[in-house]
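Worksheet for the structure shown next.
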Protein chains: 2
Amino acid sequence: MSTVLEPQTHDAGAPGMQSRGHSSGSRSDILAAAAKCFMKNGYSATSIDDVARQLDATKGMIYHHFRSKTDLFFAVYRRGMEINYAAVEPHVSDNGTALERLARMAFAHSIVLMAEQAFQRTLAEGVAMHLTGATTAAQRETLTELIDIRNQYEGMFRSAIRKTAKEEGLEIANLSLASKSFLAVLNSTVSWYTPRANDPQSEQKKLAIDLVTYALRGLGTDLPSGALKTKENAQ
Amino acid sequence: MSTVLEPQTHDAGAPGMQSRGHSSGSRSDILAAAAKCFMKNGYSATSIDDVARQLDATKGMIYHHFRSKTDLFFAVYRRGMEINYAAVEPHVSDNGTALERLARMAFAHSIVLMAEQAFQRTLAEGVAMHLTGATTAAQRETLTELIDIRNQYEGMFRSAIRKTAKEEGLEIANLSLASKSFLAVLNSTVSWYTPRANDPQSEQKKLAIDLVTYALRGLGTDLPSGALKTKENAQ
DNA sequence: TAGGGAACATACTACCGAGTATGTTGTCAA
DNA sequence: TTGACAACATACTCGGTAGTATGTTCCCTA
């Protein structure tokens, strides 16, 4: 079920490859730097040299790890989705009511959005926009693959919302629109939230709770009081 | 009160200027074409030649009307805000309850968003992003001005929400967050809605009603049944 | 009816940025 | 110890693009 997200090195086919296992150090650094740049200036306004500068490295180094700028973007996108999945998917099968599970998923999603702004803004910039002109055939394929992942992710929430509606007896006229609105509320932080000085975590928790509350009310229900307590213990 | 939005030709200072009054034909065409291009590919991925091609015109024609690409973007942004204001502001002083006014404002906002996708997506791409590196001093000034307009627009909703909360006795912990969530729901269409075949208007109305319903529920209240009826008569 | 300017089109420049080709250095295996 | 390869850095190519400079046409006025 979680087979959707696999690393996928671009050196696939290289014979030697003894770097397998510990390799991802520099690669991850590049992804983080690229995400930061994409966040600040957007995809097409970001040059490879920008990313390199962010790393105190050179263009050559980046092209050693990624075939093209597009591939780099794909990798950042994929990493962003991995982060989201890792945060949310565990709660799909939590025990408790469907509503509680949905609340926890939403909370986790909301938190990870604020914690990983760079990747999330890259996600937001989205497949929809600048990639309408994806050139290569392989790129187009990767593109549709990423869209699939995104849809699956939304599907997790849609499914959770449907179950919640059933269990709680909510009337939801348009499920698709409901889940889009639901996520829109949670996602809204990417366009305005920027972490304040001294309160890194607690501020985010409060915001997340308010957002989840709003999103659930939109569906016609309310945040169950104890639903997020376990989450706080885990920290 | 509506002095915020004025056309502002860039020929300001030119002595002759007999074109005043009927001039805006080609200028508006450029704005529409630019908005369409920005929508499809984003700001920095759009070239002036792209916009020109969209018009069956040339780069020279565009530079005859706009000083720079940045200025063109500003003009598109401003036009988008003008459209929104024109749609929403009238309802600020509608009669009825605060809730009814808010509902109508939200409905109008939602409708205009779907009807004017191109401009709205340009708005969404936003001042925040690609313009972090606005070069000229005059540009920086224009930039903060546009941000002000945006904030004022949001302020209209924030104010309407506050009044509604007072009248309806709603408890809203974080007003700023509530209005951001409220608008996030309404704005969500820009990232996924694309008009279907035969039902141009009615589909949009239904969606808008659902969105407004969700947004209001998030605040803890409900869409009053008769609130949007007058709107339908007006058509 | 000359001419001046608006409203464009055409032609050109200068630069930036993606991608490539080729060096350089360290390491590890034989 | 050597040589092969990974992991970069440096240097270059080349297409695209913002902005400019210079025509060209048409209209309106003096």
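Labels below follow one simple rule: chain letters A, B, ... track the order of the sequence lines, proteins then strands, and each chain is numbered from 1.
- Across the protein-nucleic acid pair, B:Ile62 atom CD1 and D:dA18 atom P stand 10 Å apart, rounded to whole Å.
- Per the geometry, CG belonging to B:Leu72 stands 15 Å off P belonging to D:dT17, to the nearest Å.
- Residues satisfying the salt bridge (Lys or Arg N to Asp or Glu O under 4.0 Å) criterion with A:Asp50, sequence neighbours excluded, are A:Arg53.
- For A:Lys59, the salt bridge (Lys or Arg N to Asp or Glu O under 4.0 Å) test picks out A:Asp49, with sequence neighbours left out.
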Quick test: give all pairs of protein nitrogen or oxygen and nucleotides 17-20 of chain C nitrogen or oxygen below 3.5 Å, distance rounded to 0.1 Å.
from: C:dA18; atom 1: OP1; to: A:Thr46; atom 2: O; distance (Å): 3.3
from: C:dA18; atom 1: OP1; to: A:Lys69; atom 2: NZ; distance (Å): 3.3
from: C:dA18; atom 1: OP2; to: A:Ile48; atom 2: N; distance (Å): 3.0
from: C:dA18; atom 1: N7; to: A:Lys59; atom 2: NZ; distance (Å): 2.9
from: C:dG19; atom 1: OP2; to: A:Tyr63; atom 2: OH; distance (Å): 3.0
from: C:dG19; atom 1: OP2; to: A:Lys69; atom 2: N; distance (Å): 3.0
from: C:dG19; atom 1: O6; to: A:Lys59; atom 2: NZ; distance (Å): 3.0

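- The nearest whole Å value for the distance from the CG atom in A:Leu55 to the P atom in D:dA7 is 16 Å.
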Can you pull every protein N or O that's under 3.5 Å from an N or O on nucleotides 23-27 of chain C?
none

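- For C:dC8, neither phosphate oxygen OP1 nor OP2 lies less than 4.0 angstrom from any side-chain nitrogen or oxygen of B:His64.
- Legend: salt bridge (Lys or Arg N to Asp or Glu O under 4.0 Å) pairs involving residues 174-197 of chain B, not counting sequence neighbours, sorted by first then second residue: B:Glu154-B:Lys180.
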Practice task
Report the C-alpha separation of A:Glu82 and A:Arg79 in whole Å, then their side-chain angles, then the decisive distance to 0.1 Å, and conclude whether the salt bridge (charged side-chain N to carboxylate O under 4.0 Å, His left out) test is met.
Solution key: CA-CA 5 Å; A:Glu82 284 172 13; A:Arg79 172 63 60 93; 3.5 Å; yes
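- Legend: residues meeting side chain to side chain donor-acceptor pair (under 3.5 Å) with B:Gln120, ordered by chain and number and at least two apart, are B:Asn84.
- Protein atom CE of B:Met61 is 16 Å distant from nucleotide atom P of C:dA6, rounded to whole Å.
- In this structure A:Tyr193 satisfies the ring-ring contact (aromatic ring centres under 6.0 Å, His included) test with no other residue, sequence neighbours excluded.
- Taking only side-chain nitrogens and oxygens, A:His65 comes nearer than 4.0 Å to OP1 or OP2 of D:dC8.
- Considering only residues two or more places apart in sequence or on other chains, A:Ala35 meets the side chain to side chain contact (heavy atoms under 4.5 Å, CB included) condition with A:Val76, A:Ala118, A:Phe119, A:Thr122.
- Qualifying side chain to side chain contact (heavy atoms under 4.5 Å, CB included) partners for B:Ala32, counting only residues two or more places apart in sequence or in other chains: none.
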